[in-house]
Structure formats: structure tokens, C-alpha cells
There are 2 protein chains.
Amino acid sequence: MAPNVKSDGRTTRWDRHRAERREEFVLAAVRTIDTLGPDASVADIAAEAGVSKPVLYRYFADKGELHAAVGAWAADLVLARVLSAVLAPATARDRVTAGVAAYLDTLAEHPQAFLLLSRPTSGQDPLGPGKDQIAAKLTRLLGDALRHLGGDAGAAEPWAHAVVGLGTSVGQWWLERHTVSRAAAARYLSDFIWHALSGAAAESGVDLSGLDAGDGDVTPIRSEKHR
Amino acid sequence: MAPNVKSDGRTTRWDRHRAERREEFVLAAVRTIDTLGPDASVADIAAEAGVSKPVLYRYFADKGELHAAVGAWAADLVLARVLSAVLAPATARDRVTAGVAAYLDTLAEHPQAFLLLSRPTSGQDPLGPGKDQIAAKLTRLLGDALRHLGGDAGAAEPWAHAVVGLGTSVGQWWLERHTVSRAAAARYLSDFIWHALSGAAAESGVDLSGLDAGDGDVTPIRSEKHR
DNA sequence: TCTTAATGTTACCAGCGGTAATAGTTAGAT
DNA sequence: ATCTAACTATTACCGCTGGTAACATTAAGA
């Protein structure tokens with residue numbers, strides 16, 4: 001039988017190189033889209049990366065996969081920043097407020113690339129992969145919190161999608177219109193999210209202030225590094 | 001000076017005919033997109049309409065305008081149904097619940113065409129026109145209600161965008177996954193929206209149950225026909 | 001009589017996403 | 001030493017899509 005292809009050094013010696021190079025191309029795509037918008041052509045992105053088009057197609061099956069990679073990049077960035085704010089010790093409400101602030105700041109850095117968070121890669125998959133990624137992580141966080149407090153964890157997934165959907169919608173409105181200050185937008189958004197989650201949870205007998213970290217308790221929302 | 005073009009009977013005699021024909025083409029587009037998805041080509045839509053492509057370009061400047069017309073059609077349909085539910089005499093909360101149910105039912109009729117509610121016509125305009133249309137009307141409703149009850153009407157616009165964003169996100173998730181029943185999805189969604197609005201309003205001193213119609217009061221949320 | 005807008009099509013074009021073909025180098029496996 | 005796997009890069013090419021030009025006739029208003 002043929003040897004295991006994956007342990008062949010002629011193949012594996014390129015793994016790290018490929019991953020690093022792919023990341024360079026994603027960053028080039030982010031820069032291009034930040035400049036030209038999400039309709040930037042593959043040729044535009046290739047030019048920014050300093051290669052010809054067929055080189056990009058060695059790393060991405062098609063434009064959809066390239067867009068999905070940009071969306072995933074944006075999701076990773078958002079998650080890192082929002083989670084670091086949400087997981088810092090504070091009252092549950094202050095965590096929501098800090099997460100919202102981190103989200104709006106991150107959005108303002110790459111407004112165009114963030115459109116790909118919620119943009120479908122094609123009509124076949126209506127949920128943008130980046131948005132889906134964020135919703136999946138939020139589902140886990142909310143699910144853990146609700147189970148810890150004795151609530152219905154089945155609500156976690158729809159609520160997570162609600163939070164992600166409203167966040168992208170209000171974020172885009174704010175970027176487009178700038179009719180309110182960043183502080184006001186952050187307040188409107190965090191008030192809405194806090195009351196939605198705490199009120200809906202309280203109705204099923206769950207008190208979200210059980211997640212407060214003010215009194216030194218270890219909360220169920222742990223750093224993801226420990227999972 | 002040249003006569004006012006708009007009062008020339010040779011031009012105006014076609015106005016109604018043009019409007020009716022345009023509507024036929026929008027409906028053909030809705031059918032095509034419901035069948036083939038939002039990536040359906042202009043040629044596909046023209047074939048469904050029984051005309052050649054250049055005929056469609058007499059009514060729509062480009063594909064973006066055709067998509068926007070589909071989004072506007074979807075928004076009109078949603079608004080008609082949701083508003084008729086929301087404006088019926090009931091408690092404020094029951095109105096929210098009825099509006100959500102109407103929304104989900106409408107969504108299930110034309111799942112693919114509804115994707116164009118939230119899909120940008122191009123990278124230049126990140127807000128889909130259909131979604132924007134719904135948010136604008138919701139902004140008016142919420143603004144009227146908040147002013148009537150003595151609250152901060154400035155919150156109406158971001159909250160309206162939040163409601164529309166979460167509605168489309170959870171609606172799409174539900175259509176794609178169907179992991180929960182329609183009744184459960186409706187309950188999660190309406191709980192979330194109700195608590196978000198009532199809780200955030202209460203924090204600024206506004207009691208949304210002042211909008212209840214149970215005791216025969218005339219509410220500020222009047223039928224749009226009377227405006 | 002002239003003008004305006006309608007009716008419809010085929011043929012055509014530029015640009016985009018994506019692919020085939022070309023040739024040489026480096027390092028691991030046999 | 002030889003073979004293999006993946007790398008380096010480009011130009012030329014293709015099908016498809018969105019969009020447009022050109023053509024000819026009819027009905028109604030000015």
C-alpha cells in the first residue's frame with residue numbers, strides 16, 4: 001500500500017509555510033476590501049498581495065472561500081476582543097457593556113471587511129460563516145451560564161443569534177449614519193442586550209446577576225483557554 | 001421653453017401601465033429567486049417573466065435595482081402583516097408576540113426572497129433597502145410610542161435597527177436549521193424583543209404597558225391609514 | 001404631420017471568476 | 001543517483017454574466 005501521505009516529509013515540510021502564506025493572502029484581502037469594498041475583484045486582491053490570480057486559487061477554492069476566510073478573520077478578531085472584555089471580572093451587566101464597547105471599536109477599524117461577517121458566501125448558505133462562528137461561541141457561553149444557573153439552555157442558541165444579528169445591524173447602521181456618538185450607540189446597544197437577556201432569563205426563573213464576579217466567586221464563564 | 005414633460009399625455013398615458021408591468025416583473029423575480037435562490041441570473045428572471053433581458057432593463061437600471069425592488073416587495077409584505085398584528089387591540093406584549101408570529105409565517109412563505117431583505121445591493125450601500133424600509137417604519141412607531149409616554153425618542157432608531165437585525169438573523173437561523181419548532185422560535189424571539197424594549201424603556205422611566213389597549217384607551221400607535 | 005413611448009428581438013461587448021499549460025528549483029524518499 | 005512531491009510564477013484562454021446597441025413597427029397625443 002502507498003505510505004501515509006500525511007507523514008511524507010516532502011508534503012509536511014510545507015504545512016507551516018502554506019498556513020503562513022495563506023494568512024498573508026487573507027490580510028491582503030482585508031486591506032483590499034477595506035479600501036475598495038466587499039465587491040473588490042479577485043484580481044484586485046491578487047494585485048495587493050503581489051501575485052497573479054492563479055496563485056490565490058492554490059490557497060482558496062474560489063472567491064467564496066476567500067470571502068469566508070476574511071469573515072473568519074473578522075470573527076476571530078471580534079471574539080478575541082469581545083471575550084477578553086466579557087470575561088474580565090465585573091458584574092454581568094458591566095461585562096455586556098464592555099463587550100459592546102469592544103465590538104464597536106473593532107468594527108470601526110475595519111468597517112468594510114466586517115460586512116463579510118454577515119454576507120453569505122452564496123445563496124446556498126444564508127448564514128455568513130463568520131457570523132455563524134461568533135454565534136456558535138456565544139451559544140456556548142450563554143448555554144453554560146444558563147445551565148449553571150438552572151435555566152433552559154435551549155434558549156441559548158436563538159438568543160445568541162439574536163445578539164449577533166442585532167449587533168451587526170446596529171453596528172452597520174452606526175457606521176453608515178453616525179447620527180449618534182459612539183458612546184450613545186454603545187449605551188443604546190448594551191441596554192437593549194442586557195435587558196433582553198436578563199429579562200427573558202428572569203422570566204424562566206434565572207437571575208443573570210448570579211454571574212457577577214464582584215464578590216470573588218468563580219463564575220461558569222471561564223477563560224476559553226481552560227476548556 | 002419646452003412644455004412640462006410630465007403633463008404631456010403622450011408620456012403620462014403610460015404611467016399606470018408601466019407601474020403594473022414593473023410589478024409583474026418584480027413578482028417574476030420573486031418566483032425565480034424562491035426557486036433558484038438569490039444568485040438567479042437576470043436571464044433566469046427574464047425567462048420567468050416571458051421577455052428578453054433588454055426589456056427588464058427598460059424598467060430597472062441594473063440588477064441591483066431589481067434586487068432592491070424584490071427587497072422592497074418583501075418589506076411591504078412583512079410590514080403589512082406584522083403591522084396588522086401589532087396594531088390590533090391587545091396588551092403591548094401580546095402585540096409583540098403577534099407581530100413575531102406574523103413575521104415568522106411570512107418568512108416561511110418566501111425564504112429565499114427574504115434573503116434580499118438584508119442583502120446589500122452593492123458594497124456601496126451596506127444597508128439593504130428592504131431592511132432599511134422596515135427599520136424606518138419601526139423607528140416611527142417606537143418614536144411615537146416613546147414620545148407619547150414621555151421617554152427618549154432618540155433610542156427609537158437604534159432599537160428599531162436592533163429589532164430588525166435580530167429578527168432577520170434569528171429568522172434565517174430558524175429557516176436554515178429548523179432545530180426548534182415554529183412555536184418555540186416565536187417564543188424565544190418575542191420574549192427577547194419584549195424584554196429588551198420594555199426593560200430598556202423602563203430604565204429611562206417609560207412603562208410600555210401604557211400602550212396596552214385592554215381598557216379601551218386609544219393608543220398612540222394608530223393605524224397607518226390615518227396618518 | 002410630427003412626436004413620444006410603446007412593442008420585441010438578436011447580436012455584441014467588457015469584465016469577472018476560474019483554469020490549463022508552461023518551465024525550473026528544493027528537499028525528502030527510495 | 002534517481003524519483004517524487006510541492007514549491008515558484010506567469011500568460012493565455014474560456015464560459016458566463018450584466019449590460020447595451022441597433023433594428024422596425026404601432027398607437028396615441030400635440
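To find a chain, count down the sequence lines: A is the first, B the second, and so on, and within it residues start at 1. We use all heavy atoms of the structure for the numbers below, so side chains are in, but hydrogens, waters and symmetry mates are not.
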Under the side chain to side chain contact (heavy atoms under 4.5 Å, CB included) test, residues paired with B:Ala184 that sit two or more places apart: B:Val180, B:Ser181, B:Tyr188

Partner set under side chain to side chain contact (heavy atoms under 4.5 Å, CB included) for B:Thr35, not counting sequence neighbours: none

Over how many whole Å does the gap from [X] atom [atom1] to [N] atom [atom2] extend?
X: A:Leu56; N: D:dT11; atom1: CG; atom2: C1'; answer: 16 Å
X: A:Arg58; N: C:dT19; atom1: CZ; atom2: P; answer: 13 Å
X: A:His67; N: C:dC16; atom1: NE2; atom2: P; answer: 13 Å

Under 3.5 Å, side-chain donor or acceptor atoms of residues 47-60 of chain B against the rest of the protein: list the pairs with distances, not counting sequence neighbours.
unit_1: B:Glu48; atom_1: OE2; unit_2: B:Arg31; atom_2: NE; d: 2.7
unit_1: B:Glu48; atom_1: OE2; unit_2: B:Arg31; atom_2: NH2; d: 3.1

B/S/- contact track for nucleotides 14-21 of chain D, protein heavy atom under 4.0 Å: ----BBBB

Qualifying salt bridge (charged side-chain N to carboxylate O under 4.0 Å, His left out) pairs with a residue from residues 162-171 of chain A, counting only residues at least two apart or across chains: none

Close residues, residues 16-33 of chain A, relative to DNA chain D [heavy-atom separation under 4.0 Å]: A:His17, A:Arg18, A:Arg21

Between A:Trp73 and A:His110, ring centroids under 6.0 Å: yes

Could you list the donor-acceptor pairs under 3.5 angstrom formed between side-chain atoms of residues 76-87 of chain A and any protein atom two or more places apart in sequence or on another chain?
unit_1: A:Asp76; atom_1: OD1; unit_2: A:Gln133; atom_2: NE2; d: 2.7
unit_1: A:Arg81; atom_1: NH1; unit_2: A:Glu109; atom_2: OE2; d: 2.6

Residues in salt bridge (Lys or Arg N to Asp or Glu O under 4.0 Å) contact with B:Arg22, at least two apart in sequence or another chain: B:Glu65

Partners passing salt bridge (Lys or Arg N to Asp or Glu O under 4.0 Å) against B:Arg147 (at least two apart in sequence or in another chain): B:Asp144

Under-4.0 Å side-chain N/O to phosphate OP1/OP2 contact, A:Ser52 with D:dA9: no

C:dA6 OP1/OP2 closer than 4.0 Å to side-chain N/O of B:Tyr59: no

Pairing residues for A:Arg21 by the side chain to side chain donor-acceptor pair (under 3.5 Å) criterion, not counting sequence neighbours: none

Backbone of A:His161 reached by a side-chain donor or acceptor of B:Ser169 within 3.5 Å: yes

Write down the protein N/O and nucleotide N/O pairs, taken from nucleotides 24-27 of chain C, whose separation is under 3.5 Å; answer none if there are no such pairs.
unit_1: C:dT26; atom_1: O2; unit_2: A:Arg13; atom_2: NH2; d: 3.0
unit_1: C:dA27; atom_1: O4'; unit_2: A:Arg13; atom_2: NH1; d: 3.3
unit_1: C:dA27; atom_1: O4'; unit_2: A:Arg13; atom_2: NH2; d: 3.1

With sequence neighbours excluded, residues passing ring pair (Phe, Tyr, Trp, His ring centres under 6.0 Å) with A:Trp174: A:His178

